[in-house]
Amino acid sequence: MIALSTATLPALPSSVETFSYDRDALTAGIVHLSVGNFHRAHQLWYMDKLLHEPGNSHWAFCGVGLIDDATERLKLEAFPAQNDLYTLTRYAPDGKTRHQVIGSMIAYLFAPADPEAVLTRIAAPATRIVSMTITEGGYNQDHATGAYRLEAPLTQRELADPARPESAFGFIVEGLRRRREAGIAPFTVLSCDNLRDNGVVTRRSVLTHAEALDPDLAAWIAQEVSFPSSMVDRITPAVLKEDAERVNAECGVIDQLPVISEEFAQWVIEDHFVNGRPELEKVGAQLVPDVHPYELAKVRMLNASHSMLAYPGQLAGLDTVRDAITDPGIHALVDRFMTLDVIPHLTAPAGMSLPDYRDLIVARFSNPAVGDRLARITGDGGSKLPVFLAPTWNVLVEKGADIQRIALVLACFIRYLHGRTDAGARFEPFEPAMGDAQRERALSWESVFSMTVFESFSLSEAHRSLIREMAERMEQKGTPAVLAELLAATDSGN
């Protein structure tokens with residue numbers, strides 16, 4: 001086993017792919033906020049491929065950790081020790097495995113320890129794009145209105161002391177202010193999160209934050225900065241200690257921060273950049289005038305189906321996405337959800353067959369090697385479900401169509417918040433955007449539907465009663481039994 005670093009690259013096993021570009025010649029043209037596993041499996045992987053193309057050496061990444069927690073502090077220690085290198089292991093459905101060292105991130109900064117270093121990097125002329133993967137919950141939106149929450153405590157701290165930002169938006173606004181003051185051209189702000197119209201949402205958040213500080217700055221940003229929308233896709237599971245040990249043993253490399261993903265990847269980007277852009281179309285990304293059709297298909301089919309299988313699966317005591325999709329009842333639920341609830345009400349992007357896309361999704365979920373855990377999918381449902389399921393629910397309600405499949409999953413979500421499987425095993429729901437008051441509402445039927453997660457759903461009293469009745473039956477009979485009853489009833493047309 002060889003410890004990963006620049007010095008040990010020549011000694012790595014031949015089965016591990018390494019880059020051939022001159023890493024010492026790279027400069028960071030992109031600052032990325034929040035270097036999670038998905039970013040390392042997706043955007044950094046695409047850029048690693050592009051850096052082999054001539055003329056792109058100025059598009060390497062500088063990564064920024066935003067949150068002060070144990071995971072980010074591990075990165076602060078591990079990345080310098082490994083010269084900002086890491087391994088990506090990709091598992092294909094046919095069983096093929098590829099191990100690769102990614103070299104496209106050439107610096108890592110830890111914002112809680114040194115926000116000024118991050119601001120200096122963002123304000124530097126070499127930085128031409130600031131990208132981010134801060135999760136759905138990081139956009140500080142009001143669930144009901146979509147408005148940026150100026151009243152949030154973190155935002156209030158940033159507005160009181162703009163030179164010490166804590167959030168992505170605080171760093172972006174202060175970085176742009178410094179560039180404007182210095183006469184430096186602005187950068188493009190590129191969201192890479194699973195959020196509908198993520199460029200529009202990002203623009204609204206940045207402008208609202210800036211307006212609260214300086215209306216003239218906000219007007220300049222509105223005129224000079226671009227916020228392209230994007231759609232990203234690659235299943236990237238959490239890497240637990242046992243996963244890291246396994247992939248390290250497979251490839252013969254000691255990597256403190258390995259990443260695992262499926263083979264499939266997609267990146268669709270609105271081609272609207274104000275200060276140049278990398279030629280990502282050369283390595284498989286799609287640069288298009290309008291991302292919206294691709295985004296709708298992905299969010300309403302793949303992301304929503306992840307939620308549709310994850311909540312009943314976790315309550316039933318299953319562990320992984322593959323466990324859930326290979327369960328006959330959950331497989332039927334997901335298939336019927338996409339076939340009956342989503343596809344008839346969705347316009348496909350040009351050249352895309354939605355039934356074929358449905359089948360691809362199921363095949364990807366069935367990959368035996370990826371090991372994506374249901375606990376990762378169910379986490380942060382308070383932020384995800386309004387994005388992934390509410391639009392389809394509201395369309396079905398408007399058209400008078402069957403809402404029972406989504407209703408069952410909403411009942412599962414409420415039971416998930418209680419932190420107990422059908423068999424009584426305890427787990428801790430991961431809801432970082434949900435405060436104590438919100439969690440308390442989930443424990444009572446008198447208050448549960450006043451939670452902000454349900455504000456995006458058009459819920460009548462009959463809908464609330466249906467969801468409650470399903471949840472109570474699951475408490476009595478177990479989730480699989482209630483799912484089987486639902487499938488039998490819809491089969492018979494009842």
Side-chain angles (χ1 to χ4, degrees), residues 27-34 39 43 47 58-59 61-64 66 111 115 118-134 138-141 146-150 155 158-159 162-163 165-193 195-232 267-280 285 287-292 295:
T27 56
I30 308 175
V31 171
H32 186 86
L33 305 176
S34 193
H39 170 62
Q43 294 95 47
M47 191 58 68
H58 54 294
W59 287 118
F61 277 86
C62 169
V64 175
L66 289 176
V118 178
L119 287 170
T120 298
R121 178 76 72 155
I122 290 175
T127 299
R128 298 200 272 172
I129 296 172
V130 173
S131 57
M132 54 188 181
T133 47
I134 57 175
Y139 284 78
N140 191 30
Q141 293 185 92
Y148 184 71
R149 297 172 57 247
L150 285 171
T155 308
E158 292 181 312
L159 295 176
E166 300 175 55
S167 74
F169 303 107
F171 277 104
I172 288 168
V173 170
E174 175 62 12
L176 286 168
R177 186 197 68 77
R178 294 185 181 194
R179 292 174 79 109
R180 177 178 180 238
E181 186 176 78
I184 300 169
F187 47 75
T188 296
V189 181
L190 178 63
S191 169
C192 300
D193 281 300
L195 197 66
R196 181 178 178 181
D197 295 323
N198 56 15
V200 175
V201 172
T202 302
R203 184 178 192 272
R204 180 172 62 235
S205 298
V206 169
L207 290 179
T208 303
H209 194 110
E211 178 76 26
L213 287 171
D214 179 354
D216 288 340
L217 173 61
W220 180 80
I221 293 172
Q223 180 69 31
E224 301 294 334
V225 179
S226 66
F227 299 84
S229 288
S230 70
M231 189 277 277
V232 296
W267 194 3
V268 185
I269 311 168
E270 180 186 358
D271 196 1
H272 182 41
F273 293 75
V274 295
N275 196 359
R277 67 164 178 83
E279 299 174 295
L280 288 163
L287 278 295
V288 300
D290 183 11
V291 172
H292 195 242
E295 173 188 85

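- The backbone N or O of Ile129 sits nowhere less than 3.5 Å from a side-chain atom of Thr188 that would complete a donor-acceptor pair.
- Annotation: Tyr139 is not in aromatic contact with Tyr148 [ring centroid separation under 6.0 Å not met].
- By the 30° and 60° cut-offs, the orientation of the rings of His32 relative to His39 is parallel.
- For the residue pair Glu211 and Ala218, the shortest heavy atom distance occurs at OE1-CB, 3.5 Å.
- Of all non-hydrogen atoms in Thr202 and Ser191, the two that sit nearest each other are OG1-CB, 3.4 Å.
- For Trp220, there are no ring-ring contact (aromatic ring centres under 6.0 Å, His included) partners at least two apart in sequence or on another chain.
- With hydrogens and angles ignored, the 3.5 Å screen pairs no side-chain donor or acceptor of Asn275 with any backbone N or O of Phe187.
- Within the 3.5 Å criterion, the main-chain N or O of Pro162 finds no donor-acceptor partner in the side chain of Arg177.
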Applying side chain to side chain donor-acceptor pair (under 3.5 Å) to Glu295 and Ser229, what does each step give before you reach the verdict? CA-CA 9 Å; Glu295 173 188 85; Ser229 288; 5.0 Å; no
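- Residues Ile30 and Met47 are in side-chain contact: their nearest non-hydrogen atoms beyond the backbone lie under 4.5 Å apart.
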For the pair Glu181 and Arg178, evaluate salt bridge (Lys or Arg N to Asp or Glu O under 4.0 Å) and give the outcome as yes or no after the intermediate values. CA-CA 5 Å; Glu181 186 176 78; Arg178 294 185 181 194; over 6 Å; no
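- At least one side-chain heavy atom of Thr127 sits under 4.5 Å from a side-chain heavy atom of Arg179.
- Formation of a donor-acceptor pair under 3.5 Å by the Asn198 side chain with backbone atoms of Ser230 is found in this model.
- Expressed to the nearest 0.5 Å, how far CG of Leu207 lies from CG of Leu217 amounts to 9.0 Å.
- Of the possible polar contacts, one joining the Glu158 side chain to the Glu166 backbone as a donor-acceptor pair under 3.5 Å is found.
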side-chain contact (heavy atoms from CB on, under 4.5 Å), that's the test. Do Leu190 and Ile269 meet it? Break it down for me. CA-CA 9 Å; Leu190 178 63; Ile269 311 168; 4.1 Å; yes
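- Partners of Glu270 according to the side-chain hydrogen bond (donor to acceptor under 3.5 Å, both in side chains) rule, which considers only residues two or more places apart in sequence or in another chain, do not exist here.
- Residues Val189 and Pro228 come closest through the heavy atom pair O-CD, 3.4 Å.
- Side-chain contact check for Val130 versus Phe171: every heavy-atom pair is 4.5 Å or farther apart.
- Counting heavy atoms from C-beta outward, Arg180 and Asp214 have side chains that approach closer than 4.5 Å.
- Contact of the His292 side chain with the Arg196 side chain is registered, since non-hydrogen atoms from C-beta on lie closer than 4.5 Å.
- Val232 has its side chain within reach of Gln43: a pair of non-hydrogen atoms, C-beta onward, lies under 4.5 Å apart.
- Scanning both residues, Pro165 and Pro115, for their nearest heavy atoms gives O-CB, 4.2 Å.
- In this structure, Leu176 CG and Ile184 CD1 are separated by 11.0 Å, a value rounded to the nearest 0.5 Å.
- Trp267 approaches Cys192 most closely through the heavy-atom pair CZ2-SG, 4.1 Å.
- The CD1 atom of Ile134 sits 8.5 Å away from the CG atom of Leu195 when rounded to the nearest 0.5 Å.
- Of all heavy-atom pairs spanning Gly175 and Leu119, the tightest one is N-CD2, 4.0 Å.
- Checked by atom type, the side-chain pair Asn140/Thr155 shows a donor-acceptor distance below 3.5 Å.
- Between Phe169 atom CZ and Leu33 atom CG the span is 9.5 Å, to the nearest 0.5 Å.
- With contacts defined as side-chain heavy-atom distances shorter than 4.5 Å, the pair Val274/Arg128 does not qualify.
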